[in-house]
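Dumping the structure here so I can ask a few things about it.
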Amino acid sequence: MNGSKHRVIVVGGGLAGLAASVRIAEAGLPVDIFSIVPVKRSHSVCAQGGINACNEVARQQGYSEYEHFDESIYGGDFLAHQPPVYEMAHWAPKIIDLLDRMGVPFNRTNEGQRDLRLFGGSLYKRTHFAGATTGQQVLYALDEQTRRYAAEGKVTKYEHWEFLWPIIADDGACRGIVAQDLRTMQIRAFRADAVVMATGGNGLIFGQSTNSVMCTGGAASRCYQAGAKYANGEFIQVHPTAIPGADKLRLMSESARGEGGRVWVPAIKGPSGGWTRHPDPARDPRQIPASERYYFLEERYPKYGNIVPRDIATREIFNICMEGLGVAGGNMVYLDLTHLGREYIERKLLGIIEIYRKFVGEDPAEVPMKIFPGVHYTMGGLWTTYTPKPDLKGMTLGAPNSMMCSVPGLYAFGEVNYQYHGANRLGANALLSCIFDGLFCGLGVANAVRDAKRLASDEPQALYDRAAEQENAKQRRLVEGKGDQNPYQIAREMGAEMTAASTVVKSGPRLEQALAKIAELRDRAARISLADTGMWTNQNLSFARATADMLTLADAILRGGLERRESRGSHYRTDFPERNDAEFLATTVAQCNPDGTSRIAFEPVPKGIVEPRKRTYGKKDDAPASKPADAPKAPALALAAT
Amino acid sequence: MPTATPNAPTSSRSRTVRFAIVRCDGPGKPERTELFDVPVEPGANIISCLQWIAANPVTIEGVRTTPPTWDSGCLEEVCGSCTMNINGRVRQACSALIDAVSPSTTPPGPGGATITLEPMRKFPVVRDLCVDRARFFRNLERIKAWVPVDGTYSLGAGPTESPDHQATRYALSTCMTCGCCLEACPQFLREDKPEAWDTSFVGAAVISQAVLFNDHPTGATLKPQRLDVLSGPGGVNDCGNSQNCVKVCPKEIPLTESIGAAGRQVTVHAVKKFFSGR
Ligand SMILES: Cc1cc2nc3c(=O)[nH]c(=O)nc-3n(C[C@H](O)[C@H](O)[C@H](O)COP(=O)(O)OP(=O)(O)OC[C@H]3O[C@@H](n4cnc5c(N)ncnc54)[C@H](O)[C@@H]3O)c2cc1C
Ligand code: SF4
Ligand code: SF4
Ligand code: FES
């Protein structure tokens with residue numbers, strides 16, 4: 001191994017992993033980054049809309065870091081722990097400044113100040129953006145800083161390497177990982193005094209999503225199987241506005257609505273004020289007069305209108321389609337930018353309208369876009385802890401347990417961490433939480449390693465040899481498997497089932513049914529035979545392995561949803577439509593049984609500085625924020641008519 | 001992940017398209033071409049077809065083969081992973097819609113269209129359609145493609161910037177290291193030996209990145225070192241001005257303008273160096 005005494009491994013080179021690497025290297029510790037793809041190609045490049053922070057303009061209109069904190073807690077339906085969110089909101093302006101110094105080309109005002117836009121869940125402009133490819137630009141800035149540290153020999157990148165398993169020593173602490181070179185297929189054990197998981201979300205469990213192809217959640221699942229707790233798995237964000245596609249659902253950023261985009265369907269207003277089906281719902285939208293357009297979000301939520309948070313917008317769109325009011329009677333609504341004018345649209349939203357032009361072949365400046373909800377973000381993740389300040393206003397900087405998993409020495413940063421977003425993430429808070437984890441908690445990791453009594457270099461070689469051999473043995477079983485099952489078919493069935501049972505609307509019986517299906521798929525996954533058994537760049541093997549791991553996580557997601565007998569944020573149960581703070585103001589904590597099923601416990605959310613209040617977003621009839629129809633028969637998500 | 005199977009519901013416009021995929025089992029192994037017939041739905045792209053083939057790896061002769069190997073990530077043309085030659089033209093597979101690449105509705109067979117997929121030829125093949133672009137990343141390191149900030153501490157905002165200047169930098173900053181411009185460049189030649197990378201042509205994207213960082217107030221502190229690289233062997237003088245690069249860049253980055261700017265900066269740099277006796 002390397003001559004240096006300490007070593008930190010960061011698994012994942014998205015925003016969270018790179019921010020952590022930069023911070024830990026800056027603190028003087030050598031870092032090894034492992035990533036399936038070259039870090040510059042990580043999923044974070046997909047983020048379009050922007051990154052939130054209090055700023056001077058908003059501040060002078062009455063906004064503050066406290067407001068940002070409060071909005072995020074309210075947006076997350078009070079499920080998030082408050083000290084981390086409080087700290088993050090207060091760091092946000094500093095993070096924007098830092099990115100600015102690193103050269104991120106944030107959009108500018110005439111005076112050269114950073115421009116701002118409106119985003120869901122806020123009445124203030126507090127979202128900073130770089131065109132419509134903010135994630136790409138921010139990731140590149142951190143990639144560049146990482147390259148600088150790599151050139152100085154302080155960071156070593158293992159790109160095209162896949163994390164397979166955390167190595168846990170006899171004192172229960174994580175002191176390394178097993179990883180595989182995806183070209184030579186060599187499996188190796190690596191020592192480390194701390195391991196930071198920054199492996200992102202798990203959209204692929206739902207088949208089609210807005211996520212990149214590596215977002216399987218496989219890495220998180222392996223930590224979970226190795227004993228780490230998994231929290232709030234049932235909270236999956238379904239984004240209201242995606243364009244259906246054969247291979248993925250492509251996102252139309254919330255910025256489209258933040259910049260003035262309006263959501264509507266063709267409909268006829270009855271004498272009593274109610275809306276009914278349009279006689280010709282497939283008519284060219286440009287020919288439909290204003291009086292026959294139902295702007296249902298604006299009408300139902302006069303205060304927030306089109307920028308209600310995602311869970312609410314998604315359920316409203318879903319219900320409109322279930323009521324048969326969708327475009328052409330199908331599963332689609334219009335997202336209309338045409339009134340904004342081409343010049344404005346191209347200046348503010350070029351990146352996303354190009355996606356629409358490229359993949360749909362129509363120009364959003366001319367014709368309203370056709371959109372439908374798609375699985376988007378993983379609020380749940382590896383369970384983590386932290387040190388709150390005594391007054392609960394923030395976390396202690398440099399605390400060695402900052403975002404540490406239930407396995408000591410193992411950390412979870414970014415989307416794979418369950419903190420910050422509670423039951424529903426606000427748009428443009430994810431980039432922030434990823435970078436905040438890396439910078440703020442990275443220091444904690446460095447401190448933990450410096451103060452550690454026992455180091456990876458003290459561990460016997462046998463620990464590492466055994467761990468590598470275990471992975472080799474698993475792989476041999478997979479390669480030698482002679483069963484009748486195709487991993488792609490299993491993944492397809494899992495995706496369809498998860499989307500149907502565990503996204504916008506759920507119910508106890510449907511979740512039970514899905515658990516049975518997952519159990520069947522788990523059985524079948526034990527009988528996979530590979531179409532490729534070679535030992536060179538074998539993607540078939542990697543996919544098959546990830547499929548089994550996805551099934552394990554799927555069980556935790558479903559069982560969490562089943563046991564949570566209430567509705568909160570993104571989790572809506574038709575059989576328990578109300579929020580129930582008495583029983584479920586609590587984190588869902590899943591632990592893995594040896595057979596791959598999960599057991600669930602609830603851990604009360606610690607008291608914070610704001611009390612839970614009703615979450616209505618000023619809905620007109622003052623009913624709970626959404627009243628979905630009964631559980632639909634068909635899985636409507638991802639099946640929108642094209 | 002595959003999303004279409006032979007028994008998936010087909011719409012009236014669905015059809016079958018033939019793919020000819022250039023296969024190679026690994027570095028130094030011989031190449032072969034395999035043919036596949038793929039049922040294609042409206043809106044399908046090259047990646048969704050590759051996913052279908054991976055799930056059903058059987059050639060038109062009915063021979064079971066290994067699933068083809070390819071790189072992909074975002075599936076929305078922003079990560080740069082999936083670059084390959086499609087019908088002889090270098091581009092991203094994820095944004096190549098089948099109806100645009102092969103509008104012919106004639107079924108496969110005599111007279112029917114075939115979509116040919118080949119790996120990029122300017123980089124060593126890893127397997128099938130995957131190539132190794134490490135040289136590209138190495139060159140970004142050589143030209144110090146970063147802003148040398150003082151650290152991650154809270155030190156206030158960066159410099160203010162006019163909207164025009166932001167627009168110029170943003171355009172260059174959308175480069176996703178995809179390699180199209182290198183594949184199309186007559187001056188950028190395949191070089192498998194890492195020892196030779198530091199003296200071989202860096203190519204348009206890297207020149208453009210140097211211009212991007214030279215154009216940032218803090219980034220400019222490394223301008224002399226960047227120009228040392230660009231004025232050396234494999235630098236901007238190796239460009240023959242054929243302008244192929246700019247024609248294939250999916251992000252429409254003004255590469256020839258960057259090359260022009262770099263050329264001017266290199267000249268000024270040489271004059272400065274001459275007078276300072278460096
Ligand atoms: C289309 C889209 C648009 C979005 N827009 C916004 C937005 O505007 N604002 C906002 O705040 N958020 C947005 N988000 C959310 C945000 O982009 C993500 O939450 C965030 O980028 C996640 O970053 P990360 O660092 O946690 O993980 P990722 O960027 O997903 O990176 C994960 C890393 O882990 C590596 N990895 C994974 N598994 C393994 C393994 N087994 N072994 C080794 N390496 C592994 C990968 O290679 C990768 O490097 C958007 C998300 C999507 C899908
Ligand atoms: S202009 Fe220069 S860099 Fe571009 S293709 Fe021609 S030779 Fe290559
Ligand atoms: S300059 Fe354009 S073609 Fe070249 S690597 Fe960048 S994005 Fe690709
Ligand atoms: S998969 Fe990212 S560019 Fe094609």
Side-chain angles (χ1 to χ4, degrees), chain A residues 22-23 26 37-38 40-41 43 45-46 94 97-98 100-103 105-113 130-131 133 136-137 140-141 144-145 147-148 150-151 183 204 207-208 212-214 245-248 250 355 358-359 361 439 486 488-489 491-492 495 531-532 534 536-537 539-540 642, chain B residues 1-5 25-26 41-45 47-48 51 54-55 57 64 66-67 69 72-81 94-95 97 126-127 130 133 137 140-141 144-149 151-152 154-158 160-163 166 169-170 173-174 176-177 213 216 218-219:
Chain A
V22 166
R23 186 68 192 88
E26 185 178 67
V37 293
K40 196 178 178 181
R41 307 198 196 283
H43 168 62
V45 289
C46 288
K94 296 189 253 183
D97 278 352
L98 173 62
D100 192 11
R101 279 168 44 223
M102 287 178 176
F106 285 117
N107 276 47
R108 299 286 164 169
T109 64
N110 286 335
E111 254 189 73
Q113 307 291 339
T133 61
Q136 180 198 42
Q137 294 304 310
Y140 287 2
E144 289 147 12
Q145 296 302 320
R147 184 167 297 111
R148 177 183 173 197
R183 287 177 175 164
L204 255 74
Q208 288 174 317
S212 297
V213 298
M214 29 328 156
D247 50 343
K248 99 173 262 194
R250 294 178 177 85
I355 291 181
K358 245 171 211 150
F359 291 97
L439 296 180
N486 179 335
Y488 298 100
Q489 182 59 30
R492 240 176 61 82
D532 184 358
W536 180 262
T537 321
Q539 294 180 337
N540 191 232
T642 35
Chain B
M1 180 169 309
T3 52
T5 61
D25 291 339
E41 303 293 320
N45 60 35
I47 299 281
S48 66
Q51 289 172 334
R64 190 156 269 284
T66 51
T69 304
S72 64
C74 66
L75 304 186
E76 52 191 54
E77 205 191 72
V78 69
C79 78
S81 296
C94 64
S95 55
L97 299 187
V126 174
R127 183 176 177 182
C130 291
R133 284 170 277 190
F137 289 103
L140 290 176
E141 192 175 310
K144 301 190 189 302
W146 57 77
V147 173
V149 294
T152 63
S154 178
L155 300 171
T160 55
E161 181 177 32
S162 73
Q166 184 273 344
R169 283 204 310 124
Y170 178 68
S173 191
T174 56
M176 54 184 182
T177 330
F213 288 97
H216 184 275
T218 316

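Chain A is the first sequence line, chain B the second, and so forth, proteins listed ahead of strands; every chain is numbered from 1. No experiment lies behind these values; they were computed from the predicted model shown.
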Heavy-atom cut-off 4.5 Å, strictly under: side chain, backbone, both or neither for Leu97(B) against chain A?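 When you check distances to chain A, only side chain atoms of Leu97(B) fall under 4.5 Å.
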Please flag which part of Phe137(B) lies under 4.5 Å from any non-hydrogen atom of chain A: side chain, backbone, both or neither. both
Partner chain A: residue of Ala54(B), Gly26(B), Ser154(B), Gly73(B) with the largest heavy-atom pair count (under 4.5 Å):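 Ranked by contacts with chain A, first place is Gly73(B).
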Who pairs with Asn107(A) by side-chain contact (heavy atoms from CB on, under 4.5 Å), at least two apart in sequence or on another chain? Asp115(A), Phe129(A), Gln166(B)
Given that the side chain runs from C-beta out, which part of Met214(A) has a heavy atom under 4.5 Å from chain B: side chain, backbone, both or neither? side chain
Shorter than 4.5 Å, heavy atoms on both sides: which option in Glu26(A), Lys94(A), Arg148(A) has the most such pairs with chain B? Arg148(A)
Taking every non-hydrogen pair under 4.5 Å, which of Asp25(B), Ile47(B), Thr69(B) racks up the most with chain A? Thr69(B)
Is Glu144(A) salt-bridged to Arg147(A), cutoff N-O under 4.0 Å? no
Which portion of Pro163(B) sits near chain A, non-hydrogen atoms under 4.5 angstrom: both
Engaged part of Asn45(B) at the chain A interface, taking heavy atoms whose separation is under 4.5 Å: side chain
With sequence neighbours left out, what residues match Ser81(B) under side-chain hydrogen bond (donor to acceptor under 3.5 Å, both in side chains)?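 Scan of Ser81(B) (side-chain hydrogen bond (donor to acceptor under 3.5 Å, both in side chains), adjacent residues dropped) gives none.
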With a 4.5 angstrom heavy-atom cut-off, could you sort out which part of Arg183(A) is near chain B: side chain, backbone, both or neither? side chain
Honestly, the part of Tyr140(A) sitting under 4.5 Å from a heavy atom of chain B is side chain
